[in-house]
Amino acid sequence: MNTEKIFGYIDSMRDEMINTLGELISHPSFRQEPEEGAPYGRAARECLGSALEICEKFGFKTENVGDRAGLASFTEGEPLLGILAHLDVVPAGDGWVREPYKATVEGGKIYGRGAMDDKGPAVSVMYAMKALKDLGVPLKHGFELILGTDEECGSSDIKYFREHRRMPRWLFTPDANFPLINIEKGRIESRFAAPCRSKKLISLHGGKTVNAVPAFASAEVEGIPEAEIINAAAGSGCTAEFGITSEGGRTKIEVRGVSAHASTPAAGDNALTALIKLLSLINIDEPAKGLLSGLAREFPYKETDGRSAGVATRDGISGELTLVLSVLDFDGENLGGAIDIRFPVCETAASVCNKLDAALKRAGFEARSGGSEPHCVPSDSPFVKTLLGAYESVTGKKGECIAIGGGTYVHGIPGGVAFGCEVEGEDNRIHGADEFIRIDALVENAKIFAAAIAEVCNSDSL
Ligand SMILES: [Zn+2]
């Protein structure tokens with residue numbers, strides 16, 4: 001393979017790539033009301049149509065799969081390799097300086113919703129394919145580009161695709177990070193509750209989403225001296241900040257911590273478990289006191305590995321289990337909440353659920369827990385090595401595998417890894433305001449993908 005020729009050809013298409021990304025960004029393809037022939041809304045369907053039309057112009061065979069996903073390929077026969085990108089986005093949200101749905105080219109960057117997640121990477125794949133096709137690079141095995149339109153809202157596009165089409169033996173998604181993510185921990189979500197009435201605990205709220213460390217929690221108590229609460233806060237050893245105010249026999253306790261994604265809880269400071277600790281130290285009536293003390297014992301403040309609940313485990317390739325008590329609410333009748341666990345490949349979802357449910361039972365709660373198994377493609381597999389080799393040859397940087405606690409677009413798809421496109425040290429503001437991709441990266445990613453496709457599809461060991 002003459003890589004210089006391929007890379008030169010990709011360089012020559014730089015302006016065209018910018019325009020194509022601009023066209024895709026112009027569709028506000030976040031999930032909207034379903035319409036006839038547009039299960040995720042008209043904009044997502046139009047964005048898919050536009051991408052498939054461009055692929056057709058390049059001379060690829062294309063196919064619309066149930067208005068949910070698209071296929072593009074120029075090779076014959078059963079594909080060995082698939083590349084899975086998505087064209088849906090999250091809504092723009094607030095704070096944009098540029099226009100979210102109109103590409104702005106400025107300072108070597110392209111701004112717009114989806115520029116990095118995941119329209120830019122999809123464009124890089126399309127131009128990698130165009131280079132290989134136009135230059136007649138021989139490929140022994142087939143490959144295909146799969147374009148989904150529901151990644152941000154639960155990946156029902158891929159579920160549908162797998163029910164109607166076969167996934168290639170190997171695939172990667174350019175919808176995460178370089179160099180390459182080969183391990184994604186398993187995930188458990190648990191909901192628990194117990195009947196609870198109290199004369200002293202009036203209200204308690206902490207956390208809104210299961211998959212985040214709560215930065216704020218609050219409670220109201222009655223008939224407990226303020227001095228007792230202030231003393232308990234001071235003696236709790238918590239770094240989260242307590243705000244305590246009293247009026248007419250009622251005391252309001254507000255706790256401010258630091259939010260973090262549930263897959264990296266050590267980066268946060270859990271306001272909710274700090275509040276639980278404080279409440280377990282003051283003289284509340286039963287059964288509230290017993291339930292809160294149980295939670296404080298099984299899921300202590302500042303503990304993120306589930307040790308006390310008996311679920312802690314770790315392995316050499318995916319690291320340690322993480323646990324976050326992320327939601328708790330008291331409505332006057334019931335005390336209930338939620339827990340998020342990410343567990344390493346040495347464990348199974350059923351075994352973690354059993355241990356967690358037992359811990360919640362010890363604390364006095366009934367629990368319903370469920371989740372997904374870990375995802376792993378061995379780091380020494382020829383597929384992973386081939387992709388990392390392509391990455392190293394184009395960027396000159398070291399190619400290494402990464403294990404994460406989150407899940408990517410290929411979670412649960414056998415033979416799937418995440419390959420691109422964010423890099424450490426650069427915040428492309430995905431899901432935020434003024435999302436961007438560097439134009440140099442858009443072009444370089446196309447070279448990495450062209451090299452990866454050519455090498456995987458000409459390999460004799462895959
Ligand atoms: Zn994405």
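As a basis for the values below, the full set of heavy atoms in this structure was taken, side chains included, without hydrogen atoms, waters or symmetry mates. Each residue takes its place number in the sequence, starting with 1. When a ligand or atom number is given, it counts from 1 through the structure's own listing order.
Side-chain contact of Tyr160 with Asp67: a donor-acceptor pair under 3.5 Å is absent, judged by distance alone. Checking Lys302 against Thr273 by side-chain atom types alone, no donor-acceptor pair falls below 3.5 Å. Side-chain contact of Glu56 with Thr62: a donor-acceptor pair under 3.5 Å is present, judged by distance alone.
Of all the N, O or S atoms in Asp175, the one closest to the Zn ion (ligand 1) is OD1. Within Asp117, the N, O or S atom lying nearest to the Zn ion (ligand 1) carries the name OD1.
Among the backbone and side-chain atoms of Glu152, no N/O/S atom is found under 2.8 Å from the Zn ion (ligand 1). Under 2.8 Å from the Zn ion (ligand 1) lies no N/O/S atom of Asp118, from backbone or side chain alike.
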Derivation and outcome, side chain to side chain contact (heavy atoms under 4.5 Å, CB included), residues Lys102 and Ser26: CA-CA 5 Å; Lys102 185 175 171 293; Ser26 75; over 6 Å; no
